[in-house]
2 protein chains.
Amino acid sequence: MDETATTTRAWRMVLERIESDLLEGRLAPGDRLPGERELASSLGVGRSSVREALRVLEVMGLIRTGTGSGPTSGAIIIATPQGGMSTLLRLQVAASGFPLDDVVSARLVLECAVVEALAADADRSTDAAHGVIEAMDAADLTPEEFLALDAQLHLAFAEASGNVVITAIMAGLRTAIESYIRAGIGRIADWDAEADRLRLEHRAILGAIDAGEPGRARTLVHDHITGYYLDADLSRASH
Amino acid sequence: MDETATTTRAWRMVLERIESDLLEGRLAPGDRLPGERELASSLGVGRSSVREALRVLEVMGLIRTGTGSGPTSGAIIIATPQGGMSTLLRLQVAASGFPLDDVVSARLVLECAVVEALAADADRSTDAAHGVIEAMDAADLTPEEFLALDAQLHLAFAEASGNVVITAIMAGLRTAIESYIRAGIGRIADWDAEADRLRLEHRAILGAIDAGEPGRARTLVHDHITGYYLDADLSRASH
């Protein structure tokens with residue numbers, strides 16, 4: 001029993017040490033952590049505790065772990081928040097910690113703010129969004145391919161708005177409900193008609209952004225998201 | 001080298017198995033996972049891989065791990081998203097994955113939406129917020145105590161709005177910049193005057209919510225957050 005408690009403290013201690021090294025600038029993105037063996041001996045903990053802390057950092061998107069031994073075997077600090085956020089949100093939705101309705105409401109709040117800010121920004125670039133919208137015109141897309149491009153379009157808006165925190169959270173929220181969104185395809189009576197409607201809505205949203213009309217962009221995105229949500233009957237899927 | 005690669009795959013496989021068990025309802029909050037030894041043998045992986053996956057789930061707020069052996073030693077599914085979100089955001093801010101300015105902008109988007117929704121909701125209860133605001137009137141609070149209550153107040157608004165996803169993200173964003181907010185105290189010339197100003201602003205925000213004025217609540221929260229941000233010179237702290 002004591003042994004388990006000690007092990008628990010040990011991996012948390014490794015995590016806290018790396019966090020404080022990051023906060024105080026002793027570690028920065030691009031830096032390589034010492035190998036497992038060296039970390040273990042310098043921190044006075046077992047190698048398994050080090051490995052547990054490294055897994056946590058890896059899933060959270062803080063490090064990329066190397067394989068093999070030798071000078072290139074240590075993990076590299078990367079700080080790519082999107083992956084970690086997606087995993088966390090996906091797991092919480094799976095474990096019923098996050099009701100689907102609340103995820104959709106959170107998406108609405110963030111996506112409306114994103115397009116509003118984008119429309120209000122004279123320096124915006126919407127080239128990426130235009131590219132995705134053209135790709136979505138292809139006639140032979142499966143519903144799954146269409147929805148993958150759809151996710152890419154919404155992300156392009158977030159990226160163009162320039163806020164990496166909001167982009168990571170939006171990407172995570174979308175990933176978290178991806179399986180429900182895909183399951184919703186089967187509940188849509190006429191997919192071709194739905195896809196045509198979504199295409200028109202995308203063009204209208206992008207038009208409002210390019211025309212610099214924040215209020216209209218916000219309203220269109222709101223109706224666009226709630227519309228698919230209702231058509232695919234996603235609200236019922238969460239109960 | 002092969003051994004490391006195999007180990008990596010093994011812990012991810014444990015994680016994916018637990019996620020699919022959650023998604024398909026074979027596991028639910030309150031359920032107990034089998035012990036490490038049993039999980040390892042049923043999944044055909046080593047105990048250390050099981051332990052690595054459990055640590056990830058623990059930090060993400062998905063399980064509470066038991067100590068000791070015997071029938072009560074397995075981890076329990078809990079699904080409490082706040083802790084995991086806070087850890088993730090805090091680590092990403094520490095590793096410069098998330099610039100402070102973007103965290104503050106994301107907070108603004110979410111907090112403005114929260115008070116707007118609350119003011120528009122005829123069934124809202126603001127009792128918790130009133131309680132915290134009264135506690136903040138105490139004359140002998142240290143700046144640290146004052147800011148802890150401040151965080152509690154903002155969380156009370158989020159909780160009253162009823163969206164657990166937004167509440168978890170807001171709590172996480174606040175935690176992520178807690179050390180910067182506290183460091184900002186030292187850059188405020190007259191703390192007592194600042195605290196009095198914050199008290200007045202809190203009462204005005206709560207007044208707008210209780211009066212059912214969404215637009216005014218939103219504007220007041222926006223000015224409240226950006227005001228402290230400027231006074232404590234937090235923007236410079238991120239560079």
Side-chain angles (χ1 to χ4, degrees), chain A residues 1 4-5 7-8 11 15 18-20 22-23 27-29 48 51-62 65 67-69 73 77-81 84-85 87-92 94-99 102-103 105-106 109-110 112-114 162-166 168-169 173 179, chain B residues 1 4-5 7-8 11 15 19-20 22-23 27-29 48 51-62 65-69 73 77-81 84-85 87-92 94-99 102-103 105-106 109-110 112-114 162-166 168-169 173 179:
Chain A
M1 207 188 250
T4 308
T7 312
T8 306
W11 70 269
L15 206 59
I18 292 173
E19 183 179 354
S20 67
L22 286 167
L23 269 176
L27 276 178
S48 71
R51 207 175 302 130
E52 289 162 32
L54 293 180
R55 291 299 175 250
V56 169
L57 291 169
E58 187 177 344
V59 170
M60 294 237 168
L62 264 291
T65 53
T67 51
S69 53
S73 68
I77 305 285
I78 48 169
T80 50
M85 189 66 83
T87 305
L88 173 61
L89 290 168
R90 216 180 55 233
L91 284 167
Q92 286 293 348
S96 324
F98 282 157
D102 286 6
V103 173
S105 300
V109 166
L110 293 172
C112 288
V114 156
N163 186 313
V164 297
V165 176
I166 292 179
I169 297 172
L173 292 172
S179 62
Chain B
M1 206 189 253
T4 308
T7 311
T8 306
W11 70 269
L15 206 59
E19 183 180 354
S20 67
L22 286 167
L23 269 176
L27 276 178
S48 71
R51 208 175 301 129
E52 288 161 32
L54 293 180
R55 291 298 175 251
V56 169
L57 290 170
E58 187 177 345
V59 170
M60 294 239 169
L62 264 291
T65 53
T67 52
S69 53
S73 67
I77 304 286
I78 48 171
T80 51
M85 189 66 83
T87 305
L88 173 61
L89 290 168
R90 216 181 55 233
L91 285 167
Q92 286 293 349
S96 323
F98 283 157
D102 286 6
V103 174
S105 300
V109 166
L110 292 172
C112 288
V114 156
N163 186 313
V164 297
V165 176
I166 291 178
I169 297 172
L173 291 172
S179 62

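When reading the values below, keep in mind they use all heavy atoms of this one structure, side chains included, and skip hydrogens, waters and symmetry mates. So that the names make sense, note that chain A is the first sequence line, chain B the second, and so on, each numbered from 1.
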- Query: In terms of heavy-atom proximity below 4.5 Å to chain B, should A:A168 be classed as side chain, backbone, both, or neither?
  - Reply: side chain

- Item | Separation between CD1 of B:I169 and CZ of A:F98, rounded to the nearest 0.5 Å | 6.5 Å

- Spacing of CZ belonging to B:R90 relative to CG belonging to A:L22, to within rounding of 0.5 Å: 11.0 Å

- Message: If I take atom CG from residue B:N163 and atom CG from residue A:D102, how far apart are they, to the nearest 0.5 angstrom?
- Response: 4.0 Å

- Query: Would B:R51 and A:R51 satisfy side chain to side chain contact (heavy atoms under 4.5 Å, CB included), going step by step from the backbone distance to the final call?
  - Reply: CA-CA 10 Å; B:R51 208 175 301 129; A:R51 207 175 302 130; over 6 Å; no

- Note on the structure: Nearest heavy-atom approach of A:V109 to B:A113 is CG1-CB, 3.5 Å

- Item | Option that, when pairs with chain B are counted at under 4.5 Å, heavy atom only, ranks first among A:L89, A:I78, A:L91, A:L57 | A:L91

- Message: Looking at chain B, which one of A:V114, A:L88, A:V59 has the largest number of heavy-atom pairs inside 4.5 Å, strictly under?
- Response: A:L88

- Would you confirm whether B:Q92, through its side chain, and A:M85, through its main-chain N or O, come within 3.5 Å as a donor-acceptor pair? no

- So which of A:L110, A:V103, A:V56 has the largest heavy-atom pair count under 4.5 angstrom toward chain B? A:V56

- Return the minimal non-hydrogen interatomic distance between B:A95 and A:L62, and the atom names on each side. CB-CD1, 3.3 Å

- Derivation and outcome, side chain to side chain contact (heavy atoms under 4.5 Å, CB included), residues B:W11 and A:E58: CA-CA 12 Å; B:W11 70 269; A:E58 187 177 344; 3.7 Å; yes

- A:A106: what forms a side chain to side chain contact (heavy atoms under 4.5 Å, CB included) with it, not counting sequence neighbours? A:L173, B:V165, B:I166

